[in-house]
Amino acid sequence: MKLTYKNSGVDKEAGYKQVSLIKNIVKKTYTEGVLRDVGGFAGLFQLNNEDYEEPVLVSGTDGVGTKLKIAFELDKHNTIGEDCVAMCINDILCQGAKPLFFLDYIATGKLEPEKMAKIVEGVASGCKKAGSALIGGETAEMPGFYKEDEYDLAGFAVGIVDKKKIIDGSAIEEGDLVIGLPSDGIHSNGYSLVRKILEVANIKLDKYIEELGCTVGEELLKPTRIYVNPVYELIEDYHIKGISHITGGGLYENIPRVLPEGLTAVVDTTKIKMPLIFNLLREWGSIDIDEMYHTFNMGIGMVLVVDKEEGSKIIKFLEEKKEKGIILGEIKKGEERIKLCH
């Protein structure tokens with residue numbers, strides 16, 4: 001037998017088919033700055049600098065973590081791409097950046113065009129929610145490195161902000177308010193613990209939970225929320241001093257990342273309407289409450305630090321946008337960095 005690239009495990013024809021399947025999906029995300037269609041060696045995006053005195057590009061990259069294992073087990077791949085977009089876009093939003101464009105990277109043991117198209121469908125859905133163009137990506141078939149039915153997914157986002165409007169937390173001071181925006185569940189962090197809890201408690205993904213109104217697996221695959229709307233409008237209209245995307249490490253690790261030295265965020269967790277899935281996980285795994293708050297978002301996906309005098313206006317603005325903003329606490333002097341009051 002003569003060796004070819006195909007019989008060594010890489011099917012170029014499958015790659016061509018994938019590109020044809022995703023072209024129209026990708027085009028639906030295009031915004032004004034996109035200069036060419038998918039398929040070239042690089043994505044091109046033209047900046048309009050008229051709205052910026054000193055434009056600064058803000059970039060972020062991330063993946064989905066072991067949440068992918070849930071997608072593999074359920075063979076459901078059309079939402080996981082949205083998680084990838086959210087993880088990157090929410091991070092650059094924390095600096096006050098308006099999303100411009102996104103690129104994805106998928107590595108798999110065996111390229112199945114229809115499955116890859118489902119993943120990109122989720123990426124495109126997330127990009128549309130974020131107002132970000134999907135201008136390129138890469139799918140790598142890597143036999144022998146990944147299992148045939150598994151893949152990894154990562155993304156890269158770029159946004160823009162005027163230099164004088166960069167949000168870096170330096171303006172935060174004693175007396176400022178901490179406002180939380182609800183999460184849509186677990187989002188994309190803590191899944192190694194989640195999977196261990198399910199294993200120890202012998203909870204199956206197809207188990208239907210009446211209080212959730214869905215199976216455990218369906219709940220766990222709910223995509224990470226994208227906060228561009230309404231947060232970017234808030235950034236434009238109010239003095240937002242700090243923004244934290246509540247990812248791995250929960251409130252404990254992510255809120256202090258935006259605080260200047262000598263300040264503490266005092267947070268009243270009793271004001272959080274915690275999604276039921278967190279109570280179930282805690283019960284199934286006999287997990288200590290502090291461990292939960294060190295691992296999961298516990299119902300708060302993004303935190304804003306704002307001037308006390310603007311707090312009520314911001315809450316009203318959020319209500320008008322059908323958004324539930326929660327005043328969780330305030331900034332005080334102290335070296336503790338964060339204090340959660342349960």
Side-chain angles (χ1 to χ4, degrees), residues 5-6 10-48 59-64 67-68 71-72 74-90 92 98-142 146 148-160 184 188 221-229 232:
Y5 208 12
K6 185 171 184 177
V10 178
D11 187 347
K12 291 185 291 182
E13 295 300 323
Y16 303 149
K17 182 179 180 182
Q18 182 200 337
V19 172
S20 70
L21 287 173
I22 68 173
K23 260 193 170 181
N24 288 333
I25 296 172
V26 172
K27 279 185 177 180
K28 291 178 182 178
T29 73
Y30 285 176
T31 57
E32 188 178 347
V34 180
L35 293 186
R36 65 180 300 167
D37 288 346
V38 68
F41 286 99
L44 302 177
F45 192 94
Q46 182 175 348
L47 288 177
N48 177 3
S59 60
T61 185
D62 209 338
V64 183
K67 185 171 185 175
L68 289 171
F72 300 160
L74 294 177
D75 195 24
K76 187 175 186 296
H77 310 281
N78 63 335
T79 61
I80 207 76
E82 192 168 321
D83 285 290
C84 189
V85 174
M87 295 301 290
C88 300
I89 292 290
N90 288 341
I92 67 170
K98 179 182 180 180
L100 293 176
F101 58 84
F102 187 86
L103 296 94
D104 60 28
Y105 173 80
I106 308 169
T108 183
K110 181 178 174 60
L111 202 162
E112 300 176 43
E114 290 77 11
K115 181 190 287 187
M116 297 302 108
K118 285 290 185 183
I119 298 168
V120 176
E121 181 184 314
V123 173
S125 174
C127 284
K128 285 189 282 187
K129 289 181 181 180
S132 176
L134 176 56
I135 64 169
E138 168 70 2
T139 302
E141 191 171 21
M142 300 170 65
Y146 293 94
E148 284 196 358
D149 59 346
E150 294 190 355
Y151 56 85
D152 197 9
L153 172 65
F156 175 79
V158 173
I160 189 168
D184 285 344
S188 295
L221 274 188
K222 285 182 179 177
T224 305
R225 185 177 169 197
I226 294 170
Y227 288 92
V228 173
N229 295 314
Y232 191 71

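Heavy atoms only: backbone and side chains are in, while hydrogens, waters and symmetry mates are out.
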K.L.:
What's the spacing between Phe72 CZ and Tyr151 OH if we round to 0.5 Å?
P.N.:
5.5 Å

K.L.:
Between Lys67 and Asp83, is there a salt bridge with N-O shorter than 4.0 Å?
P.N.:
yes

K.L.:
Please report the closest heavy-atom contact between Gly159 and Ile92, naming both atoms and the distance.
P.N.:
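Shortest heavy-atom separation between Gly159 and Ile92 comes out as N-CD1, 3.6 Å.
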
K.L.:
With sequence neighbours excluded, tell me which residues meet ring-ring contact (aromatic ring centres under 6.0 Å, His included) with Tyr227.
P.N.:
none

K.L.:
Contact between Thr31 and Leu100 at the side-chain level, heavy atoms closer than 4.5 Å - yes or no?
P.N.:
no

K.L.:
Judged by modelled atom types alone, do Thr139 and Gln18 share a side-chain donor-acceptor pair under 3.5 Å?
P.N.:
yes

K.L.:
Can you check whether Ile119 reaches Ile106 side chain to side chain, under 4.5 Å on heavy atoms?
P.N.:
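Counting from C-beta outward, Ile119 and Ile106 do come under 4.5 Å.
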
K.L.:
If you look at every heavy atom in Ser132 and Phe102, which pair is closest and at what distance?
P.N.:
OG-N, 3.6 Å

K.L.:
Considering all heavy atoms of both residues, which atom of Cys84 and which atom of Ala154 are nearest to each other, and what is their separation?
P.N.:
SG-C, 3.4 Å

K.L.:
If I take atom CD from residue Glu114 and atom NE2 from residue His77, how far apart are they, to the nearest 0.5 angstrom?
P.N.:
11.5 Å

K.L.:
Any non-hydrogen side-chain atom of Val34 less than 4.5 Å from a side-chain atom of Leu44?
P.N.:
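Not in contact.
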
K.L.:
As an exercise, state the distance from CG of Asp104 to SG of Cys127, rounded to the nearest 0.5 Å.
P.N.:
8.0 Å

K.L.:
Backbone N or O of Gly155 within a donor-acceptor pair of the Thr61 side chain at under 3.5 Å?
P.N.:
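At least one qualifying donor-acceptor pair exists.
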
K.L.:
For residues Asn229 and Lys129, report the shortest heavy-atom separation together with the two atoms involved.
P.N.:
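Distance-wise, the nearest heavy atoms are ND2-O, 3.8 Å.
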
K.L.:
Please tell me if the side chains of Cys88 and Phe156 come closer than 4.5 Å, counting only heavy atoms from C-beta onward.
P.N.:
no

K.L.:
Can a donor-acceptor pair be found, under 3.5 Å and without considering hydrogens, that links the side chain of Glu121 to the backbone of Asn78?
P.N.:
no

K.L.:
Residues two or more places apart in sequence or in another chain: which of them pass salt bridge (Lys or Arg N to Asp or Glu O under 4.0 Å) with Lys222?
P.N.:
Glu219

K.L.:
Is the shortest side-chain heavy-atom distance between Ile80 and Leu68 below 4.5 Å?
P.N.:
yes

K.L.:
Taking the side chain as everything from C-beta on, heavy atoms only, tell me whether Lys76 gets closer than 4.5 Å to Leu221.
P.N.:
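They are in side-chain contact.
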
K.L.:
Would you compute the distance between atom CD of Glu112 and atom OG1 of Thr108 and round it to the nearest 0.5 angstrom?
P.N.:
7.0 Å

K.L.:
Answer yes or no: are there more than 12 heavy-atom neighbours, outside Lys115 itself, under 6.0 Å from its atom NZ?
P.N.:
yes

K.L.:
Within the 4.5 Å heavy-atom criterion, are Leu134 and Leu103 side-chain neighbours or not?
P.N.:
no

K.L.:
What residues form a ring-ring contact (aromatic ring centres under 6.0 Å, His included) with Phe45, not counting sequence neighbours?
P.N.:
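If we apply the ring-ring contact (aromatic ring centres under 6.0 Å, His included) test to Phe45, skipping adjacent residues, the hits are Phe101.
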
K.L.:
Identify the two heavy atoms, one from Leu153 and one from Gly81, that lie closest to each other, and give their separation to 0.1 Å.
P.N.:
CD2-CA, 3.9 Å

K.L.:
Side-chain contact, heavy-atom cut-off 4.5 Å: Ile160 with Leu47?
P.N.:
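Answer yes - side chains close enough.
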
K.L.:
Quick one: closest heavy-atom pair of Ala133 and Tyr30, and the distance?
P.N.:
CB-CA, 4.2 Å

K.L.:
I need the Lys27 NZ to Thr29 OG1 distance, nearest 0.5 Å.
P.N.:
11.5 Å

K.L.:
Atom CD of Glu82 and atom CE of Met87: how far apart are they, to the nearest 0.5 Å?
P.N.:
13.0 Å

